[in-house]
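Scroll down for the structure; my scribbles are underneath it.
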Number of protein chains: 2
Amino acid sequence: MPPYDPSTFPPFAVTVDLVVLTVRRHALCALVVRRGEAPFQGMWALPGGFVRTDEDLGAAAARELAEETGLCAQDPAAPAVGNGAHLEQLGTYGDPGRDPRMRVVSVAHLALAPDLPAPRAGGDANSARWAPVGELLGPGGGMGRDGEQPAPLAFDHARILDDGVERARSKIEYSSLATAFCPPEFTVGELRRVYEAVWGVVLDPRNFHRKVTGTPGFLVPSGGTTTRQGGRPAQLFRTGSATVLNPPMLRPEV
Amino acid sequence: MPPYDPSTFPPFAVTVDLVVLTVRRHALCALVVRRGEAPFQGMWALPGGFVRTDEDLGAAAARELAEETGLCAQDPAAPAVGNGAHLEQLGTYGDPGRDPRMRVVSVAHLALAPDLPAPRAGGDANSARWAPVGELLGPGGGMGRDGEQPAPLAFDHARILDDGVERARSKIEYSSLATAFCPPEFTVGELRRVYEAVWGVVLDPRNFHRKVTGTPGFLVPSGGTTTRQGGRPAQLFRTGSATVLNPPMLRPEV
DNA sequence: GTGTTTATCGTCAGGAAGACGACTATGATT
DNA sequence: AATCATAGTCGTCTTCCTGACGATAAACAC
């Protein structure tokens with residue numbers, strides 16, 4: 001740590017970028033916006049923006065999330081309310097060449113949201129959409145069908161998205177985070193379809209049911225039932241107080 | 001994402017801070033340096049410094065690590081060489097008030113090193129030392145003995161250290177990262193004492209031996225034996241090619 | 001009613017982990 | 001030299017968890 005003069009530090013721009021994930025029609029999807037200006041004009045990118053001078057990093061991410069989706073970042077301690085989303089810091093990307101205009105350090109955040117109506121394009125984004133991660137990342141990282149060509153993302157956003165997807169995939173193993181993809185009340189089958197979409201696998205409904213209902217504090221029955229998935233009525237649950245899943249849910253091999 | 005003029009972005013200083021952990025005398029220790037200037041002059045702090053204009057974040061962390069300890073950051077792909085340490089990004093801390101002089105965003109990194117000789121103070125640090133995390137964080141986060149008063153760290157470094165310790169504690173559960181605390185060749189007992197120091201628990205030597213030697217690719221025998229721990233000679237191992245531990249090593253309850 | 005879909009309960013075999021017993025090979029002590 | 005203390009290594013036994021899968025239940029479509 002060499003001595004420094006605080007007035008001569010090298011200046012950086014600091015932004016937040018968002019990996020907003022949801023599950024739509026049995027597929028893991030990410031929110032992307034079309035860039036309206038150079039560089040990478042017309043390409044898809046992750047939503048994001050500058051951190052303001054007196055704003056915390058998490059607050060900047062929550063603000064961007066609200067601007068782009070109308071979602072309210074969820075305090076992990078508070079009970080789930082409508083339109084609340086899980087938000088956590090993902091990682092920071094600061095390669096000197098990642099933005100051709102200037103030195104930008106981007107603090108990426110990961111948000112998990114239940115299925116929403118149409119995304120609303122905010123600010124300068126010409127349009128916004130939910131894109132299946134398989135389309136954005138290709139078969140490798142996104143586990144899309146073979147042969148699909150990934151639509152390239154601006155900047156290093158493909159890498160950020162890949163890291164975010166991997167974080168989500170691994171974190172639902174040992175936490176109750178998968179419920180962040182569900183509405184406040186959901187069935188065991190709906191939760192199972194979240195795991196199936198995020199991991200790209202098929203799980204045994206009976207073993208899954210035994211696992212999630214047998215873990216104390218993971219799910220609490222809300223009393224009601226629903227038939228919105230067809231078939232026999234299913235019990236409705238809310239997320240319980242347990243945030244960690246021990247032993248974890250095991251991701252099937254290959 | 002409002003439209004912006006790249007020449008009017010709010011300027012930030014970007015630093016890297018290091019949580020360097022090692023195991024010394026059966027205790028998890030962190031590298032701290034004494035601050036030689038205001039603010040927090042005379043207090044202990046995590047080592048760190050400014051990111052240079054054309055330097056990647058990871059490169060800045062590796063440079064600071066080398067300056068402070070002489071350690072060489074280890075490429076995860078390369079085989080272990082002498083004086084190599086594991087280095088990974090931990091998280092980014094950018095609260096507007098965390099540095100009273102100016103707006104500083106710090107990208108914290110976590111480094112795990114084998115037991116070293118005396119730390120060498122680099123640059124402007126009056127001195128540097130390995131401090132048991134229990135002394136720095138108190139009984140809660142650091143699992144120190146009850147009644148100890150934590151020696152406060154400068155800035156928000158106690159929080160950063162706590163996050164780093166928690167990362168290390170959880171990551172050795174499901175990865176071969178604990179071997180980063182060991183010399184290139186080590187015994188099963190030495191590896192077990194690493195787990196015991198990091199977790200602050202006592203593990204059954206027989207079950208631990210069965211677990212680590214029964215996981216394919218985790219440890220490879222190097223052929224030699226040693227009696228440096230006393231008792232019956234123990235087989236020496238190197239870190240194997242397996243980087244994940246599945247099923248994970250279970251941290252005992254409470 | 002019959003078939004289809006989804007939910008839920010039960011059974012059984014195999015594997016992993018915690019609790020320990022037993023034995024081995026060193027150096028230190030008497 | 002005999003004994004002791006220390007650490008390493010191999011087994012055993014019980015318990016818990018998981019994966020595979022049979023069976024039943026309750027809705028809807030026709």
Side-chain angles (χ1 to χ4, degrees), chain A residues 25-26 172-174 182 185-197 199 201-238 242 244-254, chain B residues 25-26 172-174 182 185-197 199 201-238 242 244-254:
Chain A
R25 281 173 286 124
H26 285 214
I172 64 174
E173 286 185 40
Y174 57 88
C182 295
E185 293 197 335
F186 53 89
T187 70
V188 173
E190 288 165 349
L191 183 62
R192 175 171 48 84
R193 280 180 274 276
V194 165
Y195 276 90
E196 292 179 335
W199 285 344
V201 297
V202 174
L203 300 175
D204 185 287
R206 297 156 290 190
N207 293 336
F208 184 88
H209 189 278
R210 177 182 59 192
K211 175 74 177 171
V212 296
T213 58
T215 301
F218 188 39
L219 298 181
V220 291
S222 74
T225 61
T226 183
T227 62
R228 62 184 171 223
Q229 298 289 339
R232 170 177 165 180
Q235 216 178 340
L236 284 169
F237 293 89
R238 296 177 191 279
V244 293
L245 202 50
N246 195 5
M249 181 94 57
L250 294 179
R251 189 171 358 178
E253 320 276 322
V254 182
Chain B
R25 281 173 286 123
H26 284 214
I172 64 173
E173 286 185 38
Y174 57 89
C182 295
E185 292 197 336
F186 53 89
T187 70
V188 173
E190 289 165 349
L191 183 62
R192 174 170 49 82
R193 280 180 276 276
V194 165
Y195 276 90
E196 291 180 335
W199 284 345
V201 297
V202 174
L203 299 175
D204 185 286
R206 297 155 292 188
N207 292 337
F208 184 86
H209 189 277
R210 177 182 60 191
K211 174 71 178 173
V212 297
T213 58
T215 300
F218 187 40
L219 298 181
V220 292
S222 72
T225 61
T226 183
T227 62
R228 62 184 170 222
Q229 298 291 340
R232 171 176 164 180
Q235 216 178 340
L236 284 169
F237 293 89
R238 294 177 192 279
V244 293
L245 203 49
N246 195 3
M249 182 94 57
L250 295 180
R251 190 175 352 181
E253 318 278 319
V254 183

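Here is the naming used below: chain letters follow the sequence lines, and residue numbers restart at 1 for every chain.
For dG8(D), neither phosphate oxygen OP1 nor OP2 lies less than 4.0 angstrom from any side-chain nitrogen or oxygen of H209(B).
The nearest heavy atom of DNA chain D to D204(A) and to T227(A) marks one nucleotide each, and the one closer to the 5' end goes with D204(A).
Side-chain to base pairing of R232(A) with dA7(C): one donor and one acceptor N or O lie within less than 3.5 Å of each other. Between the side chain of R210(A) and the base of dG19(D), a donor-acceptor pair under 3.5 Å is found.
Looking only at atom types and distance, the side chain of S222(A) has a donor-acceptor partner in the side chain of E185(A) under 3.5 Å away.
Summarising the geometry, the separation between CE on M249(A) and P on dC17(D) is reported as 14 Å, rounded to the nearest angstrom. Rounded to an integer number of Å, the gap from CD of E196(B) to C1' of dA7(D) is 12 Å. Across the protein-nucleic acid pair, N207(B) atom CG and dC13(D) atom P stand 15 Å apart, rounded to whole Å. Rounded to a whole Å, the CD atom of Q229(A) is 15 Å from the C1' atom of dT4(C). In this structure, R206(B) atom CZ and dA16(C) atom C1' are separated by 17 Å, rounded to whole Å. Look at CG on L203(A): it is 13 Å from P on dT18(D), rounded to the nearest Å. Distance, K211(B) NZ to dA19(C) C1': 17 Å, rounded to whole Å. Regarding N246(A), its CG atom lies at a distance of 13 Å from the P atom of dA17(C), rounded to whole Å.
Annotation: the span from L250(B) atom CG to W199(B) atom CH2 amounts to 7.5 Å, rounded to 0.5 Å. Going from atom OG1 of T187(A) over to atom CZ of R193(A) covers 6.0 Å, rounded to the nearest 0.5 Å.
More than 12 heavy atoms of other residues, nucleotides or ligands sit less than 6.0 Å from atom CZ of R228(B).
When distances are taken from the side chain of P233(B) to each of dT8(C), dT26(C), dT18(D), the shortest belongs to dT26(C).
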(request) Take F208(B) and Y195(B), measure what ring pair (Phe, Tyr, Trp, His ring centres under 6.0 Å) needs, and give me the verdict at the end. (result) CA-CA 10 Å; F208(B) 184 86; Y195(B) 276 90; 5.5 Å; yes
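R192(A) comes within contact range of the sugar-phosphate backbone alone, with a heavy-atom separation under 4.0 Å but no base atom that close. Among the heavy atoms of the strands lying under 4.0 Å from R193(B) are primed sugar atoms or P, OP1, OP2 only; no base atom is included.
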